[in-house]
Engineer: 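Mind having a look at this structure? Questions to follow.
The sequence lines fix the lettering, A, B, ..., with proteins before strands; numbering per chain opens at 1.
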Amino acid sequence: MRTHQCGELRAEHIGQTVSLCGWVATRREHGEKLAFVDIRDHTGVTQAVVDNSVDVRAEYVVRVTGTVAARPGENLNDRLPTGAIELQDVVVEVLNAAEPPPFPINERADQVAEGTRLQYRYLDIRRERMQKNLRIRAAVNSAIRRSMEDQGFLEIETPMLVPSTPEGAREFIVPSRQQPGSFYALPQSPQLFKQLLMVAGIDRYYQIARCLRDEDLRADRQYEFMQLDAELSFGSQDDVFEAIGSAVVAAAEAAGQHAGEIVKITWHDAMNRFGIDKPDLRFGMELVDLTDVFATTGFKAFAGAAAIKGINATAKAEEYGRNKLDAMTDKAKKMGAKGLVWLKVAADGTLESPVAKFLSEGEQAAVKAALEAQPGDLLLIVADSWMTACEVLGTLRNDLGRPPVHEGPYRFVWVVDFPLFIGVDDVSGRPKPGHHPFTQPHPDDLHLLEIEPLKVRSQAYDLVFNGWELGSGSIRIHQPELQARIFGLLGISPEDADRRFGFFLNPFRYGAPPHGGFGLGIDRLVAILAGEENIREVIAFPKTQSGMDPMTNAPTPVDPKQLDDLGIRVLPPKA
RNA sequence: GGUCCCGUGGUGAAGUGGAGUUCACGCCGGCCUGUCAAGCCGGAGGUCGCGGGUUCGAACCCCGUCGGGACCGCCA
């Protein structure tokens, strides 16, 4: 039907007779005999000069056949790649008429309520922004596949109907018709299957896998999302970093971006310097340890604190008035801090603060030196347990300085040496696993398992991109004896372990190789590479925050007959 | 489960106790031979999300509810 696409024609095509197919983007009328019609497809627009008697309107689907001609005189359009030419002597065939769209099919629809865009997603996707995003996404998927295959990974599909495993995220469950009362679950990830593929001798597995979690939605979370899921045998953490890192770099390049260097930081350093396990390395404002500065302080709020840490919000003193500082203090308290001390550096270098009078001259000078304070700076200090001080200041640091997630230059970072356990369960008194209970402890810390479990590092790691967690992974436990030790620490009896994880762990008795892997969130990666702050912008048909689809109206009630087949009865809504 | 913000012709906004009022875009009709977000003239288009309350009077204040968004919890 067509000889070229709408963004393709240039001066070199002048004189050729061509046919274009697409949608009418705009129509500009100039009297009885002249109108300009812009024809759009996903490659761009081309102007056709038509007789004004031709009745085509916005979003009509047309085929135009005409002669490529240079635009006369002063009428070149520099803002348009096809702006040197136009189609003349045009025959317009209307392939389909169209009603006026509910919003303009151009960048002005960026201002339209997102719910309306989702209700008419097929029109929203017609726009350049969504075309670009979905094509970046396809390029990223393609580059990842190529990279993984080049590195010897084999793509294997794992099932979508899997057994329910109540640990971890809430699952979507699917009723079984043949066995009423029994249910499948949709996979939160292919975790179990990929580890069994290692037992099965696949050696290097990958999949661009759909994962589903019935947890509340966010800007960076949907019910269903895509992961680069990978697992390898006989390898170390560094082998995983190399494999995933190569794929990510290839993905960034495919999106026309540069990944930059992927650095590595330990979990402890990340917490200590940035107050968070997903540090955004694009800006400074690092946490500074002030414990020594106040070692002998007379200020009651600081005296005897396990850790005293501060940040310097450079030049923020004026911007943060009493109301904002009070709100910040409230937030710190909600996060568990006993309080928040703020100090403003005045023009003459003195510290303005309700608590300044409690700090000695020496302490004030030492604080200014430690935080490299300059006039106009806002200093924030928390004295508490090490963890609380870090977390509170890390949150304030992000609130004060974090740029939009998609802004460059990009900073990827591997966060390594996560603790094996995060704290102790209030009820049982047992340590709580930080990642999952199949995570291999750090070999240097094995002797601490029963003595000081909270000090044991794990071989678990995250990949962080501009402060977003892109994914996580670990080297897994492949030795049944070590697994039993971990279950013992967690208070899981051998009988419990067999009942809950037996189908997964029994195969490990038949020769499980050392193995580890990773799961990487593709939606988040693509969103950042596409310059979006929200993964819905890189998903063709996403759901709203309440899990609904305004286009299809899913979820909907189903026919009672269907429920009857499944042996399911729906309870009346709770009063 | 919680906190905060939003809901006004098709779209986006203004209106915050005094008449469904206003602006831009779009739409329909007319004019117009070089526009490119064309221009000019005219016109149509509304359950101010929904329900209740306060008031002489409510788009506006209060309560509830539905929908959308950001975040906390949650996401081993």
Side-chain angles (χ1 to χ4, degrees), chain A residues 25-40 45-52 57-59 69-80 82-83 86 88 98-120 123-124 165-171 188-189 191 211-223 225 327 330-331 334-336 395 398-399 418 420-423 425 431-439 458 460 469 471-472 474 486 490 492 500-501 519 521 533-534 536 543-548 550 553:
Chain A
T26 56
R27 172 195 181 96
R28 296 175 293 277
E29 297 183 313
H30 288 268
E32 192 186 351
K33 287 292 171 198
L34 177 67
F36 299 100
V37 174
D38 291 343
I39 315 299
R40 178 192 64 237
V45 297
T46 295
Q47 172 171 287
V49 185
V50 304
D51 188 286
N52 206 355
R57 299 171 187 228
E59 303 310 316
R71 294 197 184 189
E74 302 299 307
N75 294 308
L76 301 182
N77 186 340
D78 295 335
R79 299 189 307 278
L80 219 54
T82 60
E86 63 190 14
Q88 297 180 351
E99 292 181 18
F103 50 79
I105 310 301
N106 57 37
E107 69 287 349
R108 295 160 88 173
D110 290 345
Q111 308 306 316
V112 172
E114 197 191 351
T116 307
R117 290 175 54 208
L118 293 182
Q119 185 185 349
Y120 300 93
L123 298 180
D124 191 36
T165 53
E167 287 77 20
R170 189 183 295 115
E171 299 170 318
Q188 305 171 33
S189 87
Q191 187 68 29
C211 304
L212 299 104
R213 294 178 189 173
D214 188 3
E215 298 289 352
D216 286 0
L217 290 71
R218 289 278 202 288
D220 59 351
R221 280 157 41 181
Q222 283 272 304
Y223 280 155
F225 57 99
D330 285 346
K331 186 164 187 175
K334 270 183 194 155
M335 294 186 64
T395 299
N398 272 350
D399 288 350
F418 271 75
L420 190 62
F421 302 107
I422 41 160
D425 189 90
K432 294 183 287 188
H435 190 52
H436 58 55
F438 318 114
T439 304
S458 71
E469 183 187 320
S472 60
S474 62
I486 300 291
L490 297 174
I492 300 173
R500 287 160 64 183
F501 309 114
E533 295 183 58
N534 188 314
R536 294 189 296 272
K543 305 226 173 2
T544 65
Q545 205 165 72
S546 60
M548 304 209 290
N553 286 323

Engineer: Among all residues two or more places apart in sequence or in another chain, which pass the side-chain contact (heavy atoms from CB on, under 4.5 Å) test with A:A109?
Structural biologist: A:F103, A:V112, A:R127
Engineer: May I have the distance from A:E107 (atom CD) to B:U11 (atom C1'), rounded to whole angstrom?
Structural biologist: 14 Å
Engineer: Below the 4.0 Å mark, does B:C36 have OP1 or OP2 next to a side-chain nitrogen or oxygen of A:N77?
Structural biologist: no
Engineer: What one-letter contact string describes nucleotides 4-9 of chain B from 5' to 3', where B marks a base within less than 4.0 Å of any protein heavy atom, S marks contact via sugar-phosphate atoms alone, and - marks no contact?
Structural biologist: ------
Engineer: When you check the phosphate oxygens OP1 and OP2 of B:U35, does a side-chain N or O of A:R28 lie under 4.0 Å from one of them?
Structural biologist: no
Engineer: Could you tell me which residues satisfy side chain to side chain donor-acceptor pair (under 3.5 Å) with A:T82, sequence neighbours excluded, listed by chain and number?
Structural biologist: none
Engineer: Run the salt-bridge test on A:E114 and A:R536 with the 4.0 Å N-O cut-off and return the result as yes or no.
Structural biologist: yes
Engineer: Give one of base, sugar-phosphate or nothing for A:P102, where a contact means two heavy atoms less than 4.0 Å apart.
Structural biologist: sugar-phosphate
Engineer: Contact class for A:G434 (heavy atom, under 4.0 Å): base, sugar-phosphate, or nothing?
Structural biologist: sugar-phosphate
Engineer: Starting from P on B:U3, measure out to NZ on A:K331 and report it in whole angstrom.
Structural biologist: 16 Å
Engineer: If you go through the side-chain atoms of A:E86, does one of them form a donor-acceptor pair with the base of B:G34 closer than 3.5 Å?
Structural biologist: yes
Engineer: Which one is paired to B:G42, where only Watson-Crick or G-U wobble pairs with both distances under 3.5 angstrom count?
Structural biologist: B:C28
Engineer: Not counting sequence neighbours, which residues clear side chain to side chain donor-acceptor pair (under 3.5 Å) with A:E59? List them please.
Structural biologist: A:R40, A:R126
Engineer: Does A:F501 have any ring-ring contact (aromatic ring centres under 6.0 Å, His included) partners at least two apart in sequence or in another chain, and if so, which?
Structural biologist: A:F438, A:F487
Engineer: Given the structure, check if the side chain of A:R213 and the base of B:C75 hold any donor-acceptor pair shorter than 3.5 Å.
Structural biologist: no
Engineer: In whole Å, I'd like the distance from the CG atom of A:L217 to the C1' atom of B:A70.
Structural biologist: 13 Å
Engineer: Rounding to the closest angstrom, what is the interatomic distance between B:C48 and B:C6 at atom C1'?
Structural biologist: 14 Å
Engineer: Sequence neighbours excluded, which residues qualify as side chain to side chain donor-acceptor pair (under 3.5 Å) partners of A:R71?
Structural biologist: none
Engineer: Within the sub-3.5 Å range, which N or O atoms of nucleotides 27-32 of chain B have a protein N or O partner, and how far apart are they?
Structural biologist:
from, atom 1, to, atom 2, distance (Å)
B:C28, OP1, A:R57, NH1, 2.4
B:C28, O5', A:R57, NH1, 3.4
B:G29, OP2, A:R57, NH1, 3.3
B:G29, OP2, A:R57, NH2, 3.4
B:C32, N3, A:G31, N, 3.1

Engineer: Please list every donor-acceptor pair under 3.5 Å in which a side-chain atom of residues 29-37 of chain A meets a protein atom from a residue at least two apart or in another chain.
Structural biologist:
from, atom 1, to, atom 2, distance (Å)
A:E29, OE2, A:R27, NE, 3.1
A:E29, OE2, A:R27, NH2, 3.4

Engineer: Across the strands shown, which category fits A:P72 at heavy-atom distances under 4.0 angstrom: base, sugar-phosphate, nothing?
Structural biologist: base
Engineer: When you measure from every atom of RNA chain B, which of residues 33-40 of chain A have a heavy atom less than 4.0 Å away?
Structural biologist: A:K33, A:L34, A:F36
Engineer: Checking A:D216 now: which residues fulfil salt bridge (Lys or Arg N to Asp or Glu O under 4.0 Å) with it, not counting sequence neighbours?
Structural biologist: none
Engineer: Base, sugar-phosphate alone, or nothing: which one does A:R218 contact when heavy atoms must sit under 4.0 Å apart?
Structural biologist: base
Engineer: Detail all sub-3.5 Å separations between protein N/O atoms and N/O atoms belonging to nucleotides 42-45 of chain B.
Structural biologist:
none

Engineer: Identify all pairs in which a protein N or O lies below 3.5 Å from an N or O of nucleotides 67-69 of chain B, and state each distance.
Structural biologist:
from, atom 1, to, atom 2, distance (Å)
B:G68, OP1, A:T544, OG1, 2.8
B:G68, OP1, A:S546, OG, 3.0
B:G68, OP2, A:S546, OG, 2.8
B:G69, OP1, A:Q545, N, 3.2
B:G69, OP2, A:Q545, N, 2.7
B:G69, O3', A:R536, NH2, 3.1

Engineer: Among B:C75, B:U35, B:C25, which nucleotide has an atom closest to any side-chain atom of A:R108?
Structural biologist: B:C25
Engineer: Could you tell me whether the side chain of A:T165 and the main chain of A:E167 form a donor-acceptor pair under 3.5 Å?
Structural biologist: no
